[in-house]
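Count residues from 1 along the sequence.
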Amino acid sequence: MFEYRLQLSCLCIVLYVFIYYESRRNLKTEFNELYIVMMIDSIAYLILDMYTYHLVNHPLRYNIVFINFIHRLFFLSLITDFYLAFRYEILLVKKEFKVSQKELLLLKIPFIMGAAGATFLPIRYKITIHTSYSSGPAVFCVAACIFIYMVLSIILSVRYSSRKLERKYRSVIVSMLLMIMVIVLQMFKHDLLFTSVAVTMLVLSIYMSIGDPQIYVDEDIDGFNRTGFGEVLDFRIRERKKFMVISIEITNWPELTDMSCGISANELLSFAPKLGTKLKSPAYRARYNCISYIVLDTGQNNRIGERVGAAAQELISLELQSASKNLDPDVHMSIIRYPNDAGTTQEILTKIYSMLLKTYRGAIYFDEATGCSNRNAYENDLQDLTDTMRASVNTVCIMADVNGLKRTNDTYGHAYGDEAIRETASVLKRYFAGMGTVYRLGGDEFLIIIFDREAYEVEEKLREIAQGEMGRKLSSGEGLSFAIGTAYADENDEKIKDVIERADAAMYEDKKNSGCMRR
């Protein structure tokens, strides 16, 4: 066993990398599939390397036919490693450049030649004082095959030199050249059994060039992120098969995940792997609120949109019910067909992002902490609000401000202050739902603007808030308290800001009278 220590060390390294790589999530792409096959072949090669070394040094114990058979398997595994390494180089080139069909044929010709020679040409065995080894036409045919791959690799590296490929590509090129040198050296110095080291170096260099597959993982959906999504789209397009990209967008994501509702991403996206099981596709997170699936287009999927949309809505609602949430998700679905709707990865991604643009714009004007419209929305709406005020029969503005927020923050901590803000927003949204828009202007200040409502309706809501909400106990033990100021528009008001200013003054008067004026 001691005489195989080098091969055993290399085998342990490759096995460790293989187990580590498989234990991490990785995408089904050409690179990753190719690398898995290469590691399996390298493991077989290292085992066969030890076995052939044992056989040639104990020829009398075994039948010559069996010895030849094991040696031919050994040669085939070595050729396969070079074939896979060169194929990896071609994939790197194809990612950035167009490779012709004639150039692709060069990929298989040396492998076929080497495999044929290793299978049918005779093998001779030589015994020396130091070691025994195999030689003959089969060995020289294998060496010629490997030499051809070296020449082709050099040609590719010269023709397709690129900064984008430099880091990945050169690591593989250097490893292949080192393998060639080791094999050539071993042909003249047969007692230097270093090919196992060369194969291990190649496996490690490709592993380093592929990178950690964990970069593609999205833990929230038990699937893959948008980086992985782009890689898989490239892979599918190169397969030249028709497929569909089904995207599920949760358009009210900010409202569902704000401080008031408090639904976590894990809860909200727990439908993703379950829907993926139904569609027989992993889940890909194209954006924070959008999950995509890649499904083969069989031509019989005309109503798949309705089925997927209904299934997604059902699964999401079920997950939220189990989490005891009351707010229903708003689910939007789109289907992009390749190659009819989009012909490249970039076009597919652009279409998905265009679908999400409306949601992104909404997020700009949304306050995630309270679920209200934010100050950006207020500033954006000012002119429209003024125009609406001029056309309305009645306009009322209500300003609200949390009482004693600084004292709460200083005494109990900012988490309790945040709760006071959140509860105030919740009360205002609940009582004025359907009547007007609630804006969070900043900090603990809120604005409600109501059009075309009678004064008694507004006053009734304010009384209900005063009687039913004020003083309600919060987690800190303090009672909920906020000052309110109301102002109605009249014929002297030119802009909505005029009404808001009077409401703001009334709110501060209320705060002053309650003894909660800020210092």
Kindly check if the number of other-residue, nucleotide or ligand heavy atoms within 6.0 Å of [atom1] ([X]) is above 12?
X: Phe66; atom1: CZ; value: yes
X: Tyr412; atom1: OH; value: yes
X: Arg72; atom1: CZ; value: yes

Side-chain contact, heavy-atom cut-off 4.5 Å: [X] with [Y]?
X: Phe229; Y: Ile294; result: yes
X: Ile291; Y: Glu249; result: no
X: Leu152; Y: Phe86; result: yes
X: Ile421; Y: Arg440; result: yes
X: Ile248; Y: Cys290; result: no
X: Gln346; Y: Lys351; result: no
X: Lys242; Y: Pro339; result: yes
X: Ile109; Y: Met113; result: yes

Testing the basics here: between [X] and [Y], what is the closest heavy-atom pair and its distance to 0.1 Å?
X: Thr370; Y: Lys429; value: O-NZ, 2.9 Å
X: Gly114; Y: Cys141; value: CA-SG, 4.1 Å
X: Pro137; Y: Leu121; value: O-CD1, 3.7 Å
X: Ser77; Y: Leu48; value: OG-CD1, 4.0 Å
X: Ile336; Y: Ala342; value: CG2-CB, 4.1 Å
X: Tyr293; Y: Tyr284; value: CA-CD1, 4.4 Å

- Task: Check step by step if side-chain contact (heavy atoms from CB on, under 4.5 Å) holds for Arg61 and His54.
- Result: CA-CA 10 Å; Arg61 296 184 187 178; His54 173 75; 4.1 Å; yes

- Partners of Arg124 by salt bridge (Lys or Arg N to Asp or Glu O under 4.0 Å), sequence neighbours excluded? none

- Query: With no hydrogens and no angle check, is any side-chain donor or acceptor of Thr277 less than 3.5 Å from a backbone partner on Pro273?
  - Reply: yes

Roughly how far, to the nearest 0.5 Å, is the [atom2] atom of [Y] from the [atom1] atom of [X]?
X: Leu474; Y: Glu419; atom1: CG; atom2: CD; answer: 5.0 Å
X: Asp49; Y: Leu8; atom1: CG; atom2: CG; answer: 10.5 Å
X: Leu275; Y: Ile246; atom1: CG; atom2: CD1; answer: 8.0 Å
X: Ser373; Y: Asn380; atom1: OG; atom2: CG; answer: 10.5 Å
X: Cys145; Y: Phe82; atom1: SG; atom2: CZ; answer: 8.5 Å
X: Leu73; Y: Thr119; atom1: CG; atom2: OG1; answer: 9.0 Å

- Task: Among Ser247, Ser281, Ser334, find the one that has a side chain to side chain donor-acceptor pair (under 3.5 Å) with Ser292.
- Result: Ser247

- Item | Listed partners of Tyr125 passing side-chain contact (heavy atoms from CB on, under 4.5 Å), at least two apart | Val56, Ile64, Ile67, Asn68, His71, Ile123, Ser134

- Tell me, please, which residues at least two apart from Thr345 pass side-chain contact (heavy atoms from CB on, under 4.5 Å). Leu233, Asp234, Ile237, Leu349

- For Phe18, which residues count as a ring pair (Phe, Tyr, Trp, His ring centres under 6.0 Å) partner, sequence neighbours excluded? none

- Does a donor on one side chain sit under 3.5 Å from an acceptor on the other, for Ser196 and Gln7? no

- Message: One pair to check against side-chain contact (heavy atoms from CB on, under 4.5 Å): Ile335 and Val245. What are the steps and the verdict?
- Response: CA-CA 6 Å; Ile335 297 178; Val245 176; over 6 Å; no

- Task: Taking the six-membered ring for Trp and the full ring for Phe, Tyr or His, determine whether the centres of Tyr338 and Phe243 are under 6.0 Å apart.
- Result: yes

- Message: Under the rule for side-chain hydrogen bond (donor to acceptor under 3.5 Å, both in side chains), what residues qualify as partners of Ser42, not counting sequence neighbours?
- Response: Asp81

- Query: Partners of Asn409 by side-chain hydrogen bond (donor to acceptor under 3.5 Å, both in side chains), sequence neighbours excluded?
  - Reply: none

- May I ask you to decide if the ring planes of Tyr62 and Tyr51 are parallel, tilted or perpendicular, using 30° and 60° as cut-offs? perpendicular

- Start with the C-alpha distance between Phe74 and Tyr45, add both sets of side-chain angles, then the distance that settles ring-ring contact (aromatic ring centres under 6.0 Å, His included), and finish with yes or no. CA-CA 6 Å; Phe74 169 73; Tyr45 168 83; 5.0 Å; yes

- Task: Apply side-chain contact (heavy atoms from CB on, under 4.5 Å) to Val199 and Leu78, showing your working.
- Result: CA-CA 8 Å; Val199 169; Leu78 180 61; 4.3 Å; yes

- Task: Go through the steps to decide whether Glu347 and Thr344 satisfy the test side-chain contact (heavy atoms from CB on, under 4.5 Å), and finish with yes or no.
- Result: CA-CA 5 Å; Glu347 289 178 2; Thr344 65; 3.2 Å; yes

